[in-house]
Amino acid sequence: MGSLHGFTAHVYSLLLWFIYSIHDALHLLPSSRVGTVDAETVKRDVETLAETSSKPFPTHISMIVPHLHLNHRIEPAAESSIASFVAFSIISGVKTFTLFSEHGTALPIRQSIVSALDLALSRMHARFVSATWEESDIVVVTIALPHTDPVSDSESESSVASANDSGIGSASASAAHSGADSDDSDSDNAHPFLTLVSISLRFLDASQGKQKIVSAAKLLAKKAIEHKNNSAAGSSSRFSDSIDLKSVESLCKPNAEMCDPDLLFVIERGQQPLTLHSYPPWELRLTEVCHIRGSHLPTYKHFLEGMAMYSKCERRIGK
């Protein structure tokens, strides 16, 4: 029975991919381009794919769209597509999303993408709650997702109180609570927006992280010289014994500035072979790469395609 259920889920995921491929090719379904797929559909699709996977789904997704030059301008359609892709990721449980641009992303463009995320979420019947810039290139976005089942007013108030206790803040909780009383007349808004989730949206360029590598190498070299001098004085221990992956990582990324994505989308407009466009290689040691060619902008079809690919990958981790 279990194998039959897994086969059914696999067929369902292939059918979804086929439907979105046809709609995207014929330009019949705007949602595959601008993200009007609702939150419940995204959750259902991802849960179905997860049933065929033997490992957890990605918690960190990264994306390269090399033909979009984000260091000086962005077209509204591209802005909307990127924001929708981030929204799909949040709803799927992703905790970190990295947008890579070789030459950097201009601050006004970063801010406009965050603003576009608000609109993308409203189209999916979710609510944008807050955006907190921790650094110039990292913003923590909190959203409110609708419950799948109606709840009473008392339950709603209890959830909002819990959100306040967790430190999210009264403004955020109030925004989540007001989702049920929004001026929108859509029937989808009958469900209160109570489930608060957050994602770290990170903007990365080719130069970031290099200085950390240089500093770590200098520090290790200095310690090696000091150890050599101590050895001459009678110490018998070897300096190399104190170096391991954990110690090097603690030097290179003390603030998680360089963290490996689980899944990287490379979306090419043409039919070029896969290149990483100067993406820092030290961040991609264990990353699965989904290379999508012949597409101008990221779509929901691409998102499902990447998640389906990831669900089938076997990670041996050196075994």
Side-chain angles (χ1 to χ4, degrees), residues 1-24 28-61 63 80-81 83-95 97 117 119-129 141-151 155 159 176 179-180 184 186-199 262-263 265 288 290 292 298-313:
M1 178 65 80
S3 60
L4 178 61
H5 180 69
F7 175 75
T8 303
H10 180 62
V11 171
Y12 175 74
S13 66
L14 289 177
L15 181 61
L16 276 176
W17 180 87
F18 177 74
I19 291 172
Y20 283 112
S21 296
I22 294 297
H23 282 309
D24 196 37
L28 291 177
L29 183 64
S31 63
S32 65
R33 289 194 173 275
V34 298
T36 53
V37 180
D38 63 32
E40 290 189 18
T41 299
V42 175
K43 290 174 67 176
R44 184 175 63 250
D45 290 348
V46 170
E47 287 169 0
T48 301
L49 288 173
E51 291 177 2
T52 66
S53 176
S54 59
K55 62 179 181 180
F57 259 33
T59 58
H60 182 183
I61 287 179
M63 184 168 66
S80 177
S81 291
S84 296
F85 212 90
V86 174
F88 301 147
S89 301
I90 302 175
I91 294 167
S92 301
V94 173
K95 301 302 182 184
F97 190 99
L117 183 56
L119 180 59
L121 288 165
S122 67
R123 286 196 299 260
M124 298 180 198
H125 311 303
R127 288 289 182 270
F128 185 98
V129 175
V141 176
T142 301
I143 72 167
L145 294 176
H147 269 301
T148 54
D149 299 316
V151 295
E155 288 174 316
S159 179
D184 296 339
D186 296 339
S187 60
D188 303 275
N189 289 331
H191 302 304
F193 292 79
L194 298 173
T195 306
L196 297 175
V197 295
S198 297
I199 190 171
D262 300 303
L263 177 61
F265 288 88
E288 302 291 347
C290 180
I292 296 171
T299 68
Y300 185 56
K301 181 200 74 171
H302 298 151
F303 179 78
L304 286 181
E305 189 175 326
M307 296 295 263
M309 183 210 76
Y310 185 86
S311 70
K312 297 179 180 66
C313 291

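Hydrogens, waters and symmetry mates play no part in the numbers below; they use all other heavy atoms, side chains included.
With rounding to the nearest 0.5 angstrom, the CD1 atom of I143 is 8.5 Å from the OG atom of S198. The distance from atom OG1 of T59 to atom CG of D262, rounded to the nearest 0.5 Å, is 4.5 Å. From L145, atom CG reaches atom CZ of R127 across 11.0 Å, with rounding to the nearest 0.5 Å. To the nearest 0.5 angstrom, S84 atom OG is 4.5 Å from R123 atom CZ. If you take CG on D45 and CG on L304, they are separated by 5.5 Å, rounding to the nearest 0.5 Å. In this structure, the separation between NZ on K312 and CD on E288 is 12.5 Å, given to the nearest 0.5 Å.
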Original post:
Can you list the steps and then say if L263 with C290 is a side-chain contact (heavy atoms from CB on, under 4.5 Å)?
Top reply: CA-CA 7 Å; L263 177 61; C290 180; 4.2 Å; yes

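With M124 as reference, I91 is the one residue of I91, I90, V37 to meet the side-chain contact (heavy atoms from CB on, under 4.5 Å) rule.
By the ring-ring contact (aromatic ring centres under 6.0 Å, His included) test, F97 pairs with no residue at all, sequence neighbours left out. Considering only residues two or more places apart in sequence or on other chains, S122 meets the side-chain hydrogen bond (donor to acceptor under 3.5 Å, both in side chains) condition with none of them. A search for side chain to side chain contact (heavy atoms under 4.5 Å, CB included) contacts involving S311 returns T52, S53, F57, not counting sequence neighbours. Taking the ring-ring contact (aromatic ring centres under 6.0 Å, His included) definition, one finds that F265 meets it with F85, sequence neighbours left out.
Between V46 and F303, the closest heavy-atom pair is CG2-CE2, 4.1 Å. What you find for I61 and S89 is that their closest heavy atoms are CD1-OG, 3.9 Å. Taking both residues in full, the closest heavy atoms of A83 and L117 are given as O-CD1, 3.3 Å, listed atom of the first, atom of the second, then distance. Between A39 and P146, the closest heavy-atom pair is CB-CD, 4.5 Å. Summarising the geometry of M307 relative to L49, their closest heavy-atom pair is CB-CD1, 4.0 Å, with the distance given to 0.1 Å.
Side-chain contact between F88 and V94: absent, with no pair of heavy atoms (C-beta onward) separated by less than 4.5 Å. L119 has its side chain out of reach of S80: every pair of non-hydrogen atoms, C-beta onward, lies at least 4.5 Å apart.
In terms of modelled atom types and a separation under 3.5 Å, the side chain of D38 and the main chain of H125 share no donor-acceptor contact.
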